[in-house]
Number of protein chains: 2
Amino acid sequence: MAKTIAERADVVPLLAEVLREYGFEGASLAVIGERTGLGKGSLYHFFPGGKEEMAAAVLQEIDRWFEAEVYRPLREATDPRAAIDGMIGAVDDYFRSGRRICLVGAFALDNVRDRFATAVKGYFAEWRSALASALKRAGCAPDQAHSLAEETIIAIQGALVLSRALDDPTVFSRALETTQARLAKAMA
Amino acid sequence: MAKTIAERADVVPLLAEVLREYGFEGASLAVIGERTGLGKGSLYHFFPGGKEEMAAAVLQEIDRWFEAEVYRPLREATDPRAAIDGMIGAVDDYFRSGRRICLVGAFALDNVRDRFATAVKGYFAEWRSALASALKRAGCAPDQAHSLAEETIIAIQGALVLSRALDDPTVFSRALETTQARLAKAMA
DNA sequence: GTCTATAAAGCGATAGAC
DNA sequence: GTCTATCGCTTTATAGAC
């Protein structure tokens, strides 16, 4: 039903991109209006809580996407090795091979972390737990699975930081390859 | 000569802490004045360029510290293995075992990255290069030294992100141990 | 549902007294 | 060198016309 030009769900991905580029404080309503093509009136109609609600909606959408595309496959796939390979591919696509930052990671280092602490914590905790689950089913010892899952997420986040700091996406690609090799070796 | 209460050099560490806690945009002059105990007049006397100059001074001080305590020892130490162990200890102290974030890494993910691109890039490029130099002198093949240095910095930065996201400093401590073990193994 | 106009507060930065 | 007062601008958020 296209009774209106824009729907809230259409706006959220645009908001996500603006937040990634400008950060929470840098993304002013002026910039948001420009990039979404919506006036302040429309924005507050969709998000009565203002910027805070916009960011919360973005975090929820990110969580929904990772749950469907990454966490659930890791937890439930009959072939955990394939699920882990799938995760690497999904991560490579999602972060545009290092050209796109992780909004949740950026929030974690920002002073807005406290405001979105639950969402930030949940994102990483679920990821680590789902990856550890897949590793265990692939034959890893529980201890090793947990520490390897943690190490993997650390490598991805660190690679996003360093890629962007050096303005060199090959850093991310290399890190993802190294990580994949380490996971494969642990499942051998 | 204590002819004045405050000197510019005394203010910079306070500024660094405020920037780490609030981020560049979040650290308003009101907050900075509160935390340094200086009025706007004094701040602009020391830093005529305003917030931008304050942040630049902080980045320069960080670079100076890492150059003296981390990069130079890595490059010049007669015992590269000891220098690498020293780096791990210095990093653990500097980042307060995961309770303190890396301002340069936070800047890299922030939209202020472009404004301080040279300093941000230099910080990580020098670190990687110095660590690779030490690894080579410790017996690593040049290729392996470079990729291992990169991997190490990625692990440190990623661990800072994840530690803060999960509000769990033990993540950082574990990552530092894992990294140290990997470095030791490569030099064996 | 979308817009413009506007309010109220906070921002970085400056001026000038001391 | 440090302060207070203030400027001019931008911010988030609201109100109300359409």
Side-chain angles (χ1 to χ4, degrees), chain A residues 1-59 103 106-107 110-116, chain B residues 1-60 103 106-107 110-116 119:
Chain A
M1 45 172 109
K3 58 186 168 190
T4 157
I5 301 173
E7 297 198 25
R8 196 183 130 119
D10 301 326
V11 184
V12 174
L14 297 172
L15 287 175
E17 221 43 46
V18 174
L19 285 175
R20 265 184 272 265
E21 283 181 39
Y22 292 86
F24 183 80
E25 320 231 26
S28 69
L29 289 182
V31 172
I32 292 172
E34 208 174 292
R35 292 282 294 266
T36 57
L38 265 57
K40 297 181 189 181
S42 304
L43 290 169
Y44 275 93
H45 173 73
F46 288 128
F47 308 95
K51 261 175 75 170
E52 183 123 358
E53 188 173 342
M54 297 180 207
V58 167
L59 289 176
L103 184 64
F107 271 22
D110 199 278
N111 70 320
V112 299
R113 189 204 64 152
D114 294 348
R115 247 189 287 191
F116 303 104
Chain B
M1 45 172 105
K3 58 185 166 190
T4 156
I5 301 173
E7 297 199 26
R8 197 184 129 118
D10 301 325
V11 183
V12 174
L14 297 173
L15 287 175
E17 220 44 46
V18 174
L19 285 175
R20 264 185 272 266
E21 282 181 40
Y22 292 87
F24 183 79
E25 320 229 28
S28 69
L29 288 181
V31 172
I32 293 172
E34 208 175 293
R35 291 283 293 267
T36 58
L38 264 58
K40 295 183 190 183
S42 304
L43 289 169
Y44 275 92
H45 174 72
F46 288 128
F47 308 95
K51 259 175 79 169
E52 183 124 358
E53 188 172 342
M54 298 180 207
V58 167
L59 289 175
Q60 193 178 4
L103 184 64
F107 271 21
D110 199 276
N111 70 322
V112 298
R113 189 205 63 151
D114 294 349
R115 248 190 283 192
F116 303 103

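In what follows, chains carry the letters A, B, and so on, assigned in the order in which the sequence lines appear, proteins first and then strands, with residues in each chain numbered from 1. No hydrogens, no waters, no symmetry mates; every other heavy atom, side chains included, goes into these values.
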Partners meeting side chain to side chain donor-acceptor pair (under 3.5 Å) with A:Glu52 (sequence neighbours left out): A:Arg115

Separation of atom NE2 in B:His45 from atom P in D:dT2, rounded to whole Å: 7 Å

Side-chain donor or acceptor of A:Lys51 paired with backbone N/O of A:Leu29 under 3.5 Å: no

Nucleotide D:dC3, atom P - distance to CD of B:Glu34 in whole Å: 14 Å

Rounded interatomic separation in angstrom, taking OH from B:Tyr22 and P from C:dC11: 11 Å

Nucleotides 9-14 of chain D: protein proximity per nucleotide (B base, S sugar-phosphate only, - neither; heavy atom, under 4.0 Å): --SBBB

Over 12 foreign heavy atoms within 6.0 Å of CD, B:Glu34: no

More than 12 heavy atoms of other groups within 6.0 Å of B:Gln60 CD: no

Nearest heavy atoms of A:Ala57 and A:Val12, plus distance in Å: O-CG1, 3.9 Å

